[in-house]
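Every chain is numbered from 1 and lettered A, B, ... according to where its sequence line falls, protein lines coming before strand lines.
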There are 2 protein chains.
Amino acid sequence: MYIILSFVLLYILHLPMSILNYNRSNNPRLSESQEDYLKEIFKLNEVNTTVSLQDLADRLKVKPASVTGMMKKLKQLGLVTYEPYKEVALTDVGEAIALEVLRHHRLLELYLARHLNYSWDEIHEEAERLEHVISEKFEAAIAELMGHPTHDPHGDPIPTIDLEIPDSPNLTAVTAVKENNHAIIRRVMTQDSDILNMLSRLDLTIHSKITVTGKDNAGIRIRVNENQYLLPHSIARFVWVELASNI
Amino acid sequence: MYIILSFVLLYILHLPMSILNYNRSNNPRLSESQEDYLKEIFKLNEVNTTVSLQDLADRLKVKPASVTGMMKKLKQLGLVTYEPYKEVALTDVGEAIALEVLRHHRLLELYLARHLNYSWDEIHEEAERLEHVISEKFEAAIAELMGHPTHDPHGDPIPTIDLEIPDSPNLTAVTAVKENNHAIIRRVMTQDSDILNMLSRLDLTIHSKITVTGKDNAGIRIRVNENQYLLPHSIARFVWVELASNI
DNA sequence: ACCTGAAGTTAGCCTCTCCTAACTTTTAAG
DNA sequence: CTTAAAAGTTAGGAGAGGCTAACTTCAGGT
Ligand SMILES: [Mn+2]
Ligand SMILES: [Mn+2]
Ligand SMILES: [Mn+2]
Ligand SMILES: [Mn+2]
């Protein structure tokens, strides 16, 4: 009865049927590998216009042949669209699963930082493993405990319980900030422990107020807390800020 | 230098060399399956004099053929002693790993109950998955946070950081308590959700003060908080108590 | 001492995820 | 427009952990 009603509702609302199809608790559970593939496709898709199997292979630290094999399987499961030699994309169901895993990951990162005293550079690796094994109850418990946070310690948005990506402030790469302008660091787009460690030692962390004092081909000069640093472009490109004028 | 000193120390103290050999961080990580096999061998060994492959198969929900195969592998790795058609036992290294996993499991159970509002019957299943993926840092963080607890919510002892089993009070099966004697529930030796759920609804939980008011072949009659219950033997056998006279 | 059922083993097969090596298709530079 | 490098595919195989079915060994009851 409920099922019939749902179909009618979907028809009326013109929603894709697939949204209903996915339910973490009653669907056959995916493997950790499969979850990581879907999550990585989603993340690559946010940055690049198209997702190459080579990128996927690099991110997941497997060989391209393995990616081809997995794409066939995920296509079979209705989680990606894909034809040989063409680009990959998530279906609605595939995207829902990717967002579910991403929500686990980012909630866990924040939880580890806030409640178990993990430092910025330690949270990612632990969350990468835990994200696949925590239950929906665990997810709900830490989300509740933290007051349903919208962003993780890297400034990455945490998908909501309905799997929407919350709005983030309008961000600019710090490399694009003009000289003498003020800004607040809002997102650091790397998981590299060494880089995160260094940035946090310089106090270049989320919510730090900075001033861009100069730019040359060596990098970008930044003032934070009366200290000045020269940040090489290779690192600065990970740092995204909100301009002070927008605040 | 440290290594040489360690060898000398071991020689002097007559400790088994194998204790030093195992180090979770630099040894090739075992699979989740292998960890569960070792843990289950340890737990069976605490109860039975000898560990049968059949019991192991039942507990791990695999077929006996699979157990035989795994025993060969674990023997190869130096974690169990075993000859075809003979009983299995853990080596010192195998036992150290079993205790490490058991420590994770029981710390997690207590953590879930205390900090994430899990009920008695929900903790085991979640801990069963998490125990294999948390880092030593996670273990240390929750142990610290909880003040290095010695027993989990079922009354099971939590192995210390040095992998010693902490002393438990002298326990008696509630079925062996004489009529009109008082006692305190100290351990409930089942992970069955339904039974745990029922017991906790009757307030027959860890640290509950009870009085045995009668016994017949239907079961054992117990008073707790002015309420009287008839506990069938099939359930009562899981409940272990400390006699009031010992307190 | 024998017999029989329970316990344990073996062989052969499956699925999963990854690999290498050789091949094909696409793409972009000249 | 050609062609070589990059990207992607295919075939074949490894190893982990399970399974079934047929077999062997063991242990207890008569
Ligand atoms: Mn992961
Ligand atoms: Mn993050
Ligand atoms: Mn387990
Ligand atoms: Mn327990």
Could you give the distance from CD (A/E131) to CD1 (A/I134), rounded to the nearest 0.5 Å?
8.5 Å
Check every nucleotide of DNA chain C for an atom under 4.0 Å from a heavy-atom of chain B, then give the first and the last such nucleotide from 5' to 3'.
C/dG8 to C/dT10
With A/D156, which residues qualify under side chain to side chain donor-acceptor pair (under 3.5 Å), at least two apart?
A/R187
Residue-phosphate contact under 4.0 Å: B/S31 side-chain N/O, D/dG17 OP1/OP2:
yes
Near A/D167 CG, under 6.0 Å, is it more than 12 heavy atoms from other residues, nucleotides or ligands?
no
Please check if atom CD in A/E46 has more than 12 non-hydrogen atoms from other residues, nucleotides or ligands closer than 6.0 Å.
yes
Would you tabulate the side-chain donor-acceptor contacts of residues 59-72 of chain B under 3.5 Å, counting partners in other chains and residues two or more places apart, or write 'none'?
from  : atom 1 : to    : atom 2 : distance (Å)
B/R59 : NH1    : B/E40 : OE2    : 2.6
B/T68 : OG1    : B/P64 : O      : 3.3

Please, which pairs that meet side chain to side chain donor-acceptor pair (under 3.5 Å) have at least one residue in residues 230-240 of chain A, sequence neighbours excluded?
none
For the pair made of OH in B/Y37 and P in D/dG17, what is the distance, rounded to whole Å?
9 Å
Would you say the side-chain atoms of B/H124 and B/Q191 include a donor-acceptor pair closer than 3.5 Å?
yes
Could you tell me the separation between the CG atom of A/D55 and the P atom of D/dA6, rounded to a whole number of Å?
15 Å
Rounding to a whole Å, what distance do you find between B/L60:CG and D/dC19:P?
10 Å
From NZ of B/K63 over to C1' of D/dT20, roughly how many Å is that when rounded to an integer?
10 Å
For DNA chain D, what residues of residues 67-87 of chain B have any heavy atom nearer than 4.0 Å?
B/M70, B/K73, B/Y85
So, using side chain to side chain donor-acceptor pair (under 3.5 Å) as the criterion, who are the partners of A/Q54 when residues are at least two apart?
A/D58
